[in-house]
Structure formats: structure tokens, C-alpha cells
Amino acid sequence: MQSRRCCVAAAVGVPAVGSVVDEFTKLCYQRDLPRAMRAMEVMERCGIWADAVTYSELIKCCLARRAVEDGKRVHRHVFSNGYEPKTFLINIFLSMYVKFGLLDEAMKLFDKMPERNVVSWTTMIAAFSNVGMSGDALEFFVLMLRSGVRPNMFTFSSVLRACESLRTLRQLHCGMIKPGLESDVFVRSALIDNYSKWGELQTALSIFNEMVTGDSVVWNSIIGSFAENNEGDEALSLFKRMKRAGFFANQGTLTSVLRACTSLSLLELGRQVHVHILKYDRDLILDNALLDMYCKCGSLEDAKGVFSRMAEKDVISWSTMVAGLAQNGFSREALELFDSMKGSGIKPNYITLLGVLFACSHAGLVDNGWYYFQSMSRLYGVEPGREHYGCMIDLLGRAGKLDEAAMLISEMKCEPDAVTWRMLLASCRVHKNVDLAAHAAKQILKLDPTDVGTYILLSNIYANSQRWDDAAKVRKAMQAEGVRKEPGCSWIEVEMQIHCFILGDKSHPRTEDIGVELQQLVQRLRGIGYNPDTNFVLQDLEGEQREDSLRYHSEKLAIVFGLMSLATSKTIRIRKNLRICGDCHIFAKLVSQLTQRTIVIRDPIRYHHFRDGICSCGDYW
DNA sequence: CTAGGGTTAG
């Protein structure tokens, strides 16, 4: 309509009108917002409009300068004097409101649109998905289908972000197969991410493998999926495939690769990635991943180096470093770092405070712990959540204040879960409070009847206090549930290769050498006071078998293998699936004393640095 | 005019 007016104006020889539009168009393309706005007002007085593409240029200019009022002014202009903008042009305003974060305005405009095309619907669906209004996104998707508008790849990749169950995901997936939209790279990476979010890695992988032409983002999606789900091996082999396929690793790729190194405790490979990164672009997320990798691989010197050299630090950098120090047994340093965080202007969050409380609980700092716990809401605006309570229960329990710990559970504002009770149970075991332990264990098993550790712990607690009948009942209940103990397993990296040792498994090619070596080592250790403590045997074993099983705890095998295969200057770094037992802890301390080697053992919760017969945990874990 | 990947705890 507007082009007809302009044509007419030009045809009847009114140069003023045509030149106003020309001038306006020129100013829009030059991104001269103030003058374009003045020209627009002149046009409005004359009752003339430019074409839609020109307006879209002007809106880009408003968006770039975050000129909200000007944007709204342009919106009013195209609706003035009965002018009827096309859907294309209204969509531009819809998207403008969404980008300005004015969802209400976008909704109002959407409601009064005379017709809505796929872009209009998709704009709204994407807007809802991005602010977490998943219900509305899905509802609009359904309304869109009902109104007869067919979704395109943009729609599917937007609505996939709002998908909140595996069922919905599968339905959406089916819906995109018929129109052939799943081969779009955006849709494919969204599908991969979504299936991975639900732990459906094999589905994610088959969607990935069906890809004919992909791009680096799809590669990053699949590598990231495996890295996030602690499938580091697969993530790394996909990374190799990616390089073979000729794709360039960018920061996103390397972040996932580092995460894979972290979950596998592959310090040497992580270092290689670090060297690679130094040559290319670094960025904050990648630096954070690097920092975390060094912390989790137990190399605090490297972590501190990265942290101090980071150009920019955010709350994640600080949280990672605080928690990293705490988990590695440097609680005081962790708290000092938290103090200096205050001067940095970065506000601690929920996770930062978890690290702080963790530091207190693992160093027995009861007063500091109470202080942080009670002041976190007032000072940092973070309400204590379940995990914060968990740290406090752990702190009080370890310090022997079991009643206070139990009291705190009853005062919790959120429901205690199995993890909460497990904290109490662990303390009951250390301080041998059988009755409270039984209570905690029953709560755990009510919430999680398959928790093997709890059955075993409870039966051991009964056994240690000679309550054999109760111990037997627990074992029966465990058998009735059909649960089995996960075998202890330790990993050690030697020359970029992971060696895995499982309790009772003799498949390692050097099993016999290791056994001989271990026996000799135990003899030498006995000379400096080692006496195997069979209290830590958690299985149904009797007599000599008990000591035998203890002798082959996987971390002992891994330590011996480390001594045999690593240069004497190297730290022996071991990662294991279960928490270290008291006997292996003494064993590792004495080995570090006898051989003058540093040993670092990472369990699912924390780290032990053994050096000269002393552990960084201070025997408190 | 509408869409995709990477970091802290558990």
C-alpha cells in the first residue's frame, strides 16, 4: 500500500514526498537514528510510509542502541492513520519487543495481529522457551498446529528448548520426521542436547551418526553430551573423530574436552589441552573449565596459577577455586580466598556458599560454619537450601554434636532427602551412635530402598556393637530388595593411558607382579607400624578372607602399580568410585612416608594428598 | 522477521 502511494506521489510530480521517503530510507541505512526519527515524523504528517525493509533497518538500529522508546514510536507510526502493515512488518515489531524483554508488549501485539504466520508463532514460542515459560511455549505450539500453520525448523529448535519430559521430546521428534526437518543442523543439535539431558545418550548418538553434512556445533553438542554425562572416554573418542573429519575445535569443543579430562582425572591430557589453548583464544568459560580440571585432578599449584592469571573472573571462577581448595583439604586457604572474593565485587551465590560450608565441615570449623550458615541469607541474599543444611549436618555430626545435627534436620525448611540423612548416618558411624544410626538409615531406605551403602553401613554398625540379629535382618532386607554392592574401583593414568583396578578382578596384565609387589610392600610397611584394620571390611567375609579382601582394595593395587610404573619424581594420582576406607588411608600415609612419594587419591567427595606420612585431610573425612 | 554448542555443587 505504501509503495503505491509513493509511486503515485512520484508520478504526479510531487518531488517533496518522494524525496522525504528517500531521505528517510538513506538515514535508516546510515543508522542515523535521531534524524531518521525526525524524518519519520514528517512522513507521518504527510500520511506516507516507507517500505517494510526500511523499517526493519530502523528497528535494527533501535535494538543496537537499546532505544526502547524510539522502537515503540516506530511501532505506533506504522499503525497510524489506518495504515495496515503486513505480517512481515508486524513480526519485526514482535521480535523487537521480545529482544527488549517486553514480553507483555509482544503478547498484546500478537493478540491483535490480523493473521499470524510461522514466524509470528515461532517468535513467541522462542520467547517463552528462553525465559523458562515452557508451558506457554508448548501451548502456543499446539495452538499453532490447530490454526493450521505448519512448523518449520526454526519452530522445532525453539520448542525443543521448552520440552520438559522425555515423552514430549519423543512426540516432538516424531512430528519433525515426516516434514524432514530433523536433518537441519540446528534441529539436530537441539535433539542431541535434549536426549542427552534425559540420559538417552545412545539415541543422541544415533541422531548424530545419521548426520550427512554437519557443522562444528553439532560436533560440540555430541561431545558435550558425553562429557556432561561423565562418559569421558566416549567424549574423547568423538573429539578424535571430529578432528579426523576435518572440523576445527573451538572454545566450546575444548571446554567439553576439558570436562571429559576432569571426569576421568586425565591430568596429562588436560595439560596438553592447556598448552593448546594458550596458543589460541582463551575465554572465561574455557578458563573456568581449565581451573576446575586442575582442581579435580588434584593439582592445586596449576589451579592457582590459572586462577591468578585469569584476565577476568566471574562467580564460577571463584566458586570453583574455593571448592577446589576445600575439597583438596586446604580449608583455611579456601576461607581466606572467600574473604578476598568480597573485595572483588563478585557476589557469592548458592554454590559458592556450599564450597565455604564444605571447607568448614572438612576442617571441623564448627563456629565458622555456624557463622556462615546463619549469615548467608542476610549478607549474600542466599537462603540456605538442602545442600547447605547437608554441609551443616555433616559439620556438626563429624564434630560429635550428633544431637545438634539431628535437631537441625528437624528444623529444615525444605524436606530432608536421602543425602541429608546419609550425612547424619556417616557421623553416627564415626561416633558409634547405634540408635541414631538406625533411625537415619531407616529414613534413607524409606526414600531410597536401593541404597546399597546404607544397608552395608547399618549392618556393620550393628555388627560392631555385637547386635548380630539386627545385622542379619538388614542383610535379609537387602537381599529382598535385590541390591548388590558396587565393587570398589580405582583408576590411575600412566603415559596417557587409564588403568583400572577392580576389587577381586585379576584382568590387568600385570596382576601377578602387582600382587607380589604388594605383599613385599605390606611387609615393609609392617616394619614401620602398619597393621591391617579389618574393621573396614564391608562384606560378608570371615576370618583370613577379611584381611585378604582388604589387601586387594583397588586403591592399594593402583598405588602399587603407580609405584611400579611412574618415575620417582611423579605424583601418584588415583581416582576411585567409592570413598576411601580407613585401612587404605593408613596404608597410603605409610607408603608416602616409606617411599617419599606424593600420592593423591580422589574419591567421589574429596581428595587426599599424602606426603611424608601425613594426609591433607588431617585424618578427618 | 523466527532457531543450535561450552564452566562451579549434587
Assign V218(A) to base, sugar-phosphate, or nothing according to its heavy-atom contacts below 4.0 angstrom with the strands shown.
-> base

Sequence neighbours left out, what pairs pass ring-ring contact (aromatic ring centres under 6.0 Å, His included) with at least one residue falling in residues 212-237 of chain A?
-> F208(A)-W219(A), W219(A)-F247(A)

Of all the choices, dA9(B), dC1(B), dT2(B), which nucleotide is nearest to the side chain of E387(A) once you look at every atom?
-> dA9(B)

SG-CG distance between C261(A) and L236(A), expressed to the nearest 0.5 angstrom | 5.5 Å

For the side chain of F154(A), counting heavy atoms from C-beta on, which of dC1(B), dG6(B), dA3(B) is nearest?
-> dA3(B)

Looking for any heavy atom pair under 4.0 Å, which part of the strands does V98(A) touch: base, sugar-phosphate only, or nothing?
-> nothing

Within 6.0 Å of CD in E415(A), more than 12 heavy atoms from elsewhere | no

Less than 3.5 Å between a donor and an acceptor, one on the side chain of S158(A) and one on the base of dA3(B), is that the case here?
-> no

Rounded to whole angstroms, how far apart are CH2 on W219(A) and C1' on dG4(B)?
-> 17 Å

Spacing between Y389(A) atom OH and dA9(B) atom P, to the nearest angstrom = 23 Å

Assign T320(A) to base, sugar-phosphate, or nothing according to its heavy-atom contacts below 4.0 angstrom with the strands shown.
-> sugar-phosphate

Look at the side chain of S189(A) and the base of dG4(B), then say whether one donor and one acceptor between them are separated by less than 3.5 Å.
-> yes

Touch check for K313(A), heavy atoms < 4.0 angstrom, all strands: base, sugar-phosphate only, or nothing?
-> nothing

Which residues satisfy the side chain to side chain contact (heavy atoms under 4.5 Å, CB included) test with Y380(A), sequence neighbours excluded?
-> F338(A), K342(A), P348(A), L353(A), M376(A), V382(A)

So what does I92(A) hit on the nucleic acid, given a heavy-atom distance under 4.0 Å: a base, only sugar-phosphate, or nothing?
-> sugar-phosphate

In residues 288-306 of chain A, what residues come within less than 4.0 Å of DNA chain B, judged by heavy atoms?
-> N288(A), D292(A), K296(A)

Roughly, in whole Å, what's the span from CD in E115(A) to P in dC1(B)?
-> 18 Å

For this output row, return yes or no: ring centroids of F373(A) and Y389(A) closer than 6.0 angstrom.
-> yes

Looking only at dA3(B), dG4(B), dG6(B), the nucleotide nearest the I285(A) side chain is dG6(B)

Would you tell me if any nitrogen or oxygen in the side chain of R259(A) comes within less than 4.0 Å of OP1 or OP2 on dT8(B)?
-> yes

Distance in angstrom units between W318(A) CH2 and dA9(B) P, rounded | 18 Å

Is any N or O donor-acceptor pair between the side chain of S319(A) and the base of dT8(B) shorter than 3.5 Å?
-> yes

Looking at DNA chain B, which of residues 221-229 of chain A put a heavy atom within less than 4.0 Å of it?
-> S221(A), E228(A)

H75(A) vs F79(A) aromatic rings, parallel, tilted or perpendicular, using cut-offs 30° and 60°?
-> perpendicular

Starting from P on dG4(B), measure out to CG on N250(A) and report it in whole angstrom.
-> 16 Å

Measure from the side-chain heavy atoms of N130(A) and tell me the nearest of dG4(B), dG6(B), dG10(B).
-> dG4(B)

Under the 3.5 Å rule, do the base of dG6(B) and the side chain of D283(A) count as making a donor-acceptor pair?
-> yes

Pairwise side chain to side chain donor-acceptor pair (under 3.5 Å) hits with a residue in residues 138-153 of chain A, at least two apart = N152(A)-T155(A)

Looking for any heavy atom pair under 4.0 Å, which part of the strands does D215(A) touch: base, sugar-phosphate only, or nothing?
-> base

With respect to the phosphate group of dG4(B), does any side-chain polar atom (N or O) of R161(A) fall under 4.0 Å of OP1 or OP2?
-> yes

Nearest whole angstrom, please: distance from the C1' of dA3(B) to the CG of N152(A).
-> 9 Å

Contacts of type ring-ring contact (aromatic ring centres under 6.0 Å, His included), residue F140(A), not counting sequence neighbours | F110(A), W121(A), F128(A)

CZ of F128(A) versus C1' of dT2(B): gap in Å, rounded?
-> 14 Å

Has D339(A) got more than 12 heavy atoms of other residues, nucleotides or ligands less than 6.0 Å from its CG?
-> yes

Check step by step if salt bridge (charged side-chain N to carboxylate O under 4.0 Å, His left out) holds for R398(A) and D394(A).
-> CA-CA 6 Å; R398(A) 284 162 187 280; D394(A) 190 42; 2.9 Å; yes

side-chain hydrogen bond (donor to acceptor under 3.5 Å, both in side chains) with R161(A): of D193(A), N194(A), N130(A), only one passes, and it is N130(A)

Taking the side chain of V119(A) as heavy atoms from C-beta outward, which of dT2(B), dA3(B), dA9(B) is closest to it?
-> dT2(B)

Tell me: CE of M153(A) to P of dT2(B), nearest whole Å?
-> 14 Å

